[in-house]
Amino acid sequence: MTDHTSVRAGARRSQRYLPMQILLGFLVIYFLVPFWWVIVNSSKDAPGLFGGGNTLWFSDQIDYLGNLRQLFTYDGGIYLRWMLNSTLYAIAGGVGATVLAVMAGYGFAKYRFAARRFSFAVVLGALMVPATALVIPTFIMFSRLGLTNTVWAVILPSLLNPFGVYLMHVYARDAVPDELLDAARVDGAGELRTFFQIALPLMRPAVVTVLLLSAVASWNNYFLPLAMLSDNRLFPVTVGLGLWQGIASANNAGTTSLWSLIILGSLVSVIPLIIAFFSLQRHWRGGLSVGGLR
């Protein structure tokens, strides 16, 4: 009797969650189809792309290696330089923004100082300002300092992450007990030791989240480097692929089909983000375990 009751209860739960499961299935398909399109069409040459075949399936000739060779040798191997530039901007901007967000968020959450509420309100107000609205004032300021068309014109603005500060503030306020910090201070630990040995391990999931979000935002940044940089050797991969798209649209690439390179370059540019996401997953789980044990 109990087994039949359990089966009926499980069936009712499955029926109740069925609409949500269908919705999630459609969302998975919606997000995976463009990625599948990029994977498929990265294997095609110009006749395969524009020959009128099935755009969601491979053509008769699959040539990933040939397209990769052409991608990394075209125009003196400029694509590899763009990838290295994006790596530099993502690491410097991501790590720097994370360090500042962790310090600011922890300070707002655990210290009482003058104008604390006003300063945090300014941070919350900065969340409402679109990043593109700040590009022109930032360009004017950096041009007066003589920093335009340098790597600093991309890195320095990327260090400011108001959302990261807010996220770290909320997480540190709830995940780091004040009693634990007071106990460490009573035992003679200084503020730096208390932060690095007590608070920081408890905030690991939020730190990894801010690091990943900041690095991805720096990697995908397009408008800021487009406005700040004029030397194509300093371009990140996003702006570089946009440059190739403009050339391909104007049909100024000569005998080279840039569309194949653009699609394959888009696929290659996503791979570091996928690697970063999967490599940082264990830190989320590890941080949650540390917080539970504490």
Side-chain angles (χ1 to χ4, degrees), residues 34-35 37-50 55 63-94 130-143 146-159 214-276:
F35 188 64
W37 183 91
V38 172
I39 293 175
V40 168
N41 289 279
S42 297
S43 66
K44 300 178 181 179
D45 54 9
L49 282 175
F50 303 105
T55 59
D63 192 14
Y64 280 112
L65 293 179
N67 289 344
L68 280 172
R69 190 181 305 109
Q70 191 176 17
L71 174 67
F72 285 102
T73 57
Y74 179 76
D75 196 14
I78 192 67
Y79 180 81
L80 179 60
R81 187 179 182 91
W82 291 341
M83 289 287 290
L84 294 177
N85 291 339
S86 291
T87 303
L88 171 64
Y89 299 148
I91 293 176
T132 53
L134 301 176
V135 170
I136 301 304
T138 304
F139 175 81
I140 295 174
M141 180 177 64
F142 275 65
S143 64
L147 293 177
T148 54
N149 201 33
T150 65
V151 295
W152 299 109
V154 180
I155 294 175
L156 292 179
S158 301
L159 300 180
S214 301
V216 170
S218 298
W219 185 277
N220 292 331
N221 200 356
Y222 178 79
F223 193 44
L224 177 67
L226 179 66
M228 292 291 185
L229 304 176
S230 57
D231 186 357
N232 65 350
R233 293 175 298 177
L234 299 177
F235 284 173
V237 68
T238 52
V239 179
L241 291 177
L243 175 65
W244 279 359
Q245 183 178 0
I247 295 175
S249 300
N251 197 23
N252 292 329
T255 58
T256 303
S257 175
L258 281 182
W259 291 113
S260 300
L261 304 186
I262 293 170
I263 298 173
L264 182 58
S266 301
L267 176 63
V268 173
S269 68
V270 175
I271 294 176
L273 301 181
I274 297 175
I275 295 174

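Values in this document were obtained by computation on a predicted structure and should not be read as measured data.
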(message) Any side-chain to backbone donor/acceptor pair from Asn41 onto Leu49? Under 3.5 Å, distance only.
(response) no
(request) Apply side chain to side chain contact (heavy atoms under 4.5 Å, CB included) to Leu234 and Tyr89, showing your working. (result) CA-CA 10 Å; Leu234 299 177; Tyr89 299 148; 4.1 Å; yes
(request) Mind checking side chain to side chain donor-acceptor pair (under 3.5 Å) for Arg233 and listing every partner two or more places apart, or none if nothing turns up? (result) Asp231
(message) Testing the basics here: between Ile39 and Leu267, what is the closest heavy-atom pair and its distance to 0.1 Å?
(response) CG1-CD1, 3.9 Å
(message) Minimum heavy-atom separation for Ser218 and Gly94, please, with both atom names.
(response) OG-N, 4.1 Å
(request) Go through the structure and list residues passing side chain to side chain donor-acceptor pair (under 3.5 Å) with Ser214, not counting sequence neighbours. (result) Asn161
(request) Locate the shortest heavy-atom distance separating Val151 from Leu88; write the atom from each residue and the value. (result) CG1-CD2, 4.3 Å
Do any side-chain atoms of residues 237-247 form donor-acceptor pairs under 3.5 angstrom with protein atoms, and if so which ones, sequence neighbours left out?
from   : atom 1 : to     : atom 2 : distance (Å)
Thr238 : OG1    : Asn221 : O      : 2.8

(request) Please name the pair of heavy atoms, one in Ala215 and one in Ala90, separated by the smallest distance, quoted to 0.1 Å. (result) O-CB, 3.7 Å
(message) Testing the basics here: between Leu224 and Val154, what is the closest heavy-atom pair and its distance to 0.1 Å?
(response) CD2-O, 4.0 Å
(message) Evaluate Met228 against Thr138 for side chain to side chain contact (heavy atoms under 4.5 Å, CB included), listing each step before the verdict.
(response) CA-CA 9 Å; Met228 292 291 185; Thr138 304; 3.3 Å; yes
(message) So which atom in Leu147 and which in Ala153 form the shortest heavy-atom distance, rounded to 0.1 Å?
(response) O-CB, 3.3 Å
